[in-house]
Student: 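I am attaching a structure below and will ask some questions about it afterwards.
Start at 1 and go down the list; that is how both ligands and their atoms are numbered.
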Amino acid sequence: MDLADLTRDLQALQADALAAVAAAPDAAALDALELDILGKKGRLTGVLRGIGALAPEERPQVGAIANAVRSAIEAALAERGTTLRGSELKARLAAEAVDVTTPGRPIARGGYHPIPETIAEIAEIFGRFGFVIHESPEVEDDLRNFQMLNIAPDHPARDLWDTMYVDVAGHLLRTHTSPGQIRVMHSVAPPIRALLPGRCYRYEAIDASHASEFFQVEGIMVDEGTTMADLKGLLDQFAKAMYGADKRTRFRPGYYPFTEPSVAFDVECLVCGGAGCPACSRSGWMTILGAGMMHPVVLQYGGLDPERYQGFAFGMGVERIANLRHAVGDLRLYLENDLRFLEQFA
Ligand code: PHE
């Protein structure tokens, strides 16, 4: 091996390497080539091993040639690398391109459950008359649910509310929203216009028209000189806003221990308009809520002087109000959260 051989080998290696680099199909092949030619155990190192056989004065010449060969190969590798990586990126961009003109997938939109939706509508209507929402707990005490509402422990009217008790003495799941009347009177001073929506519980044999959980909206107004005429006017406006401005309404005598006098409030049948049909049991009227003037005893339990303040109260079943609008036959549907039912309201 002399200087000429070595020079030839180096030039051959360069020619071979440049051809291989030019032909490398992708960046990975290029990396492999680099290792094979310029790596520690690569072909260039292999050729240079022959340098030991040369005379010392010849060695620098070979070193210079070897450096030129290395630079040329490195330059070719770099250039080819840029080209390959550029076209790989282009190919990827093309393959992963997003067609922004493709129509989007529709977003599934939620809707209101008919019960909170109805409560919101009721609250909006009474809100126009200055009624403000108050909250009251679902676990109540016997005092507020019954006794302070003028329903003594042995009062036969307790039979109206089949009660679910909790295992804390003197406590129960409220059977109606009326205990909120007491709580509101204890928390704000007259004039009071309060609306109390919420879930109530009764121990019922469950069927299409009886549920053990249901919703009510209670309302009270307490002020000096509040009369039954205020109650009647307000409820009439409510019914007209809810069911139509042409709807007639009426009071019928009713009974609740916490109101005196008590009434049932009817709106003309929404199905037959008053002529009489099966939906209204041929009466022409549908009862939508119970109401009355707050009993003096209740005002007293609320900490108010019944000689000075009068008040009225009303309470309605939300499912019933919603049913009249949507003609839902079975109360249980409101509690089951079956989307096939709920989507009809969305
Ligand atoms: N609390 C009564 C019920 O559950 C409804 C009602 C409320 C009646 C307020 C009169 C006044 O049936």
Student: Can you list everything that forms a salt bridge (Lys or Arg N to Asp or Glu O under 4.0 Å) with R109? Sequence neighbours excluded, please.
Tutor: none
Student: For the residue pair H155 and Y255, does the interplanar ring angle fall in the parallel (under 30°), tilted (30 to 60°) or perpendicular (over 60°) class?
Tutor: parallel
Student: We want to know whether R144 and S136 form a side-chain donor-acceptor pair, criterion being a heavy-atom distance below 3.5 angstrom.
Tutor: no
Student: Quick one, list the residues around ligand 1 where some non-hydrogen atom comes in under 4.0 Å, by chain and residue number.
Tutor: W161, H176, S178, Q181, R202, Q216, E218, Y256, F258, T259, G290, A291, A313, F314, G315
Student: Please state whether the rings of F126 and F314 are parallel, tilted or perpendicular, taking 30° and 60° as the class boundaries.
Tutor: parallel
Student: To the nearest 0.5 Å, what is the distance between OG on S212 and CG on L331?
Tutor: 11.0 Å
Student: Would you please indicate yes or no on a ring centroid separation below 6.0 angstrom for H326 and F345?
Tutor: yes
